[in-house]
Amino acid sequence: MNTQLKKGILELCVLAVLDKKDCYGYELVNEISQNIEISDGTIYPILRRLNGEGYFTTYLQESQEGPPRKYYKLTDLGKNTKEELLKEWKELVSGVNNIIKEAQFNE
Amino acid sequence: MNREQFLKTLEASLAAFTEEERKDILYDYEEHIRIGLESGKTEDELIEELGSPEDIARQYKGGSDTEREQNLYDEIRASISNNTAFAEEPPTTPIYIEKKPERNIGSSILATLALGFFNIVFVIWIFVAFGAALFGFAVAAIAIAFSGLVATFAPIITPIFPVAVSMPSNMPYAIILLLGIGTTALGALFCIGVFYLIKYFCIITYKYIKWNISIIKGR
């Protein structure tokens with residue numbers, strides 16, 4: 001897959017997961033890598049970049065199991081961006097589906 | 001690679017960053033591995049799933065893919081700058097580097113299971129039935145051609161295999177010869193027909209298998 005495209009999709013995935021609830025990194029990575037075949041390590045650079053863009057804030061929270069965990073929380077800017085990306089994604093998918101359907105029909 | 005080696009390599013690959021940034025980045029991986037271990041995964045598994053630290057570091061070093069592709073394009077252009085026509089051409093098409101295709105393993109497994117089920121319940125019996133029928137046809141065709149040949153050469157074969165082959169005494173050889181040639185021709189035609197049937201059978205089987213593989217690969 002084109003990496004630029006993949007990056008955009010992963011950004012949407014990260015924002016979508018965080019829109020549901022605040023997550024710590026491991027949780028977020030698990031959620032995504034369960035569904036998409038990627039190296040876990042590719043998520044953290046995206047997290048850092050999106051954090052730099054101000055899409056979310058981080059806070060530390062104690063856990064029962066051990067030391068505190070770094071949680072990511074979506075900002076309003078992040079929420080808006082997610083909605084935009086989602087809209088683009090839906091358009092792209094329906095467009096691609098149309099093309100594929102026609103191509104299969106003509107085969 | 002163990003935890004220490006992974007973090008060391010990553011740290012070394014992030015030399016371009018300030019001390020603070022590096023610590024910040026490494027923290028995420030330390031926490032990831034820590035929580036992963038707490039949730040019951042092994043160190044090896046976690047490191048394996050994270051991927052190569054060099055690749056990870058590269059992703060932090062900015063330089064978006066388009067930039068990298070543009071750089072690659074410039075490099076290629078520079079290396080063949082003698083060719084003026086190419087050198088003056090504006091970089092309209094970015095150069096895409098072939099990447100390993102990635103697919104959703106879940107849907108692939110589902111497709112494999114569904115196909116496997118369909119194949120076992122349905123397709124395999126059709127395959128066996130057609131295969132058996134074709135085999136029967138082939139045997140019959142060869143037998144007919146063979147019996148025709150035997151009849152044609154009856155006067156030569158009879159003395160060699162007196163028990164297996166005998167000429168009817170009340171029939172002149174000319175008639176047996178004509179019958180033999182006719183039967184041989186019929187058998188040969190039958191053989192040709194069966195050959196084509198088997199050929200199409202193989203082609204269809206091949207196409208079906210290819211289609212199966214393409215479904216499993218999810219393309």
Side-chain angles (χ1 to χ4, degrees), chain A residues 1-11 13-14 22-53 56-72 93 96-97 99-100 103-104 107, chain B residues 6 9-10 13-14 17 21-22 24-41 45-69 94-109 211 218-219:
Chain A
M1 206 197 289
N2 180 314
T3 32
Q4 199 62 28
L5 181 62
K6 196 174 83 184
K7 240 188 212 164
I9 293 170
L10 286 177
E11 281 183 21
C13 292
V14 167
D22 298 358
C23 287
Y24 52 91
Y26 185 81
E27 198 180 9
L28 182 67
V29 168
N30 249 357
E31 190 98 359
I32 292 174
S33 64
Q34 260 171 19
N35 294 299
I36 304 175
E37 203 185 325
I38 43 147
S39 312
D40 291 352
T42 39
I43 306 281
Y44 288 106
I46 295 172
L47 278 177
R48 187 179 162 80
R49 190 158 44 81
L50 296 186
N51 197 19
E53 308 249 357
F56 33 74
T57 52
T58 59
Y59 59 92
L60 286 175
Q61 189 174 305
E62 301 291 330
S63 76
Q64 288 133 357
E65 282 90 358
R69 293 169 180 180
K70 187 162 131 191
Y71 277 77
Y72 295 84
V93 167
V96 171
N97 277 339
I99 295 169
I100 292 171
Q104 276 176 340
E107 243 172 37
Chain B
F6 177 88
T9 318
L10 182 58
S13 312
L14 292 169
F17 289 84
E21 285 172 324
R22 221 172 13 232
D24 205 35
I25 293 171
L26 282 172
Y27 170 83
D28 285 336
Y29 294 92
E30 283 162 7
E31 190 191 271
H32 180 93
I33 296 168
R34 198 188 72 221
I35 299 176
L37 289 173
E38 281 168 13
S39 68
K41 284 203 180 177
E45 266 178 290
L46 288 162
I47 303 291
E48 167 91 32
E49 282 167 3
L50 278 172
S52 115
E54 287 93 348
D55 282 348
I56 292 172
R58 215 166 294 137
Q59 291 185 61
Y60 281 109
K61 283 175 196 155
S64 71
D65 294 300
T66 8
E67 276 168 354
R68 244 181 280 148
E69 277 155 11
I95 294 166
Y96 292 105
I97 304 152
E98 200 62 42
K99 298 255 163 57
K100 208 176 95 196
E102 279 163 358
R103 72 208 147 84
N104 186 334
I105 196 120
S107 74
S108 170
I109 288 171
W211 178 73
R219 279 185 211 127

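In what follows, chains carry the letters A, B, and so on, assigned in the order in which the sequence lines appear, proteins first and then strands, with residues in each chain numbered from 1. Here the structure is a predicted model, which is why all the values come from computation and not from measurement.
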Checklist entry - Hey, what do you get for CD1 (A:I43) to CD (A:E31), rounding to the nearest 0.5 Å? => result 11.0 Å
Next on the checklist: Does either side chain, that of A:D40 or that of A:Y26, offer a donor lying less than 3.5 Å from an acceptor on the other one?
Outcome noted: no
Item to check | Contacting region of B:E31 [heavy-atom separation from chain A under 4.5 Å] | outcome: side chain
Checklist entry - Within a strict 4.5 Å, meaning less than it, do heavy atoms of the B:I56 and A:T42 side chains meet? => result no
Checklist entry - Which region of B:S39, side chain (C-beta onward) or backbone (N, CA, C, O), has a non-hydrogen atom less than 4.5 Å from a non-hydrogen atom of chain A, or is it both or neither? => result side chain
Checklist entry - Non-hydrogen atoms of chain B under 4.5 Å away: do they reach the side chain of A:R69, the backbone, both or neither? => result both
Next on the checklist: Can you tell me which portion of B:E30 sits under 4.5 Å from chain A's heavy atoms? Options are side chain, backbone, both or neither.
Outcome noted: neither
Checklist entry - Could you walk me through whether A:F56 and A:N51 pass the side-chain contact (heavy atoms from CB on, under 4.5 Å) check? => result CA-CA 5 Å; A:F56 33 74; A:N51 197 19; 3.8 Å; yes
Item to check | B:L10 versus chain A, the contacting section by heavy-atom distance below 4.5 Å | outcome: neither
Next on the checklist: Quick check on the 6.0 Å ring-centre criterion: do A:Y24 and A:Y72 meet it?
Outcome noted: no
Checklist entry - Taking every heavy-atom pair that is under 4.5 Å apart, which of A:G25, A:S33, A:S63, A:P67 has the most such pairs with chain B? => result A:P67
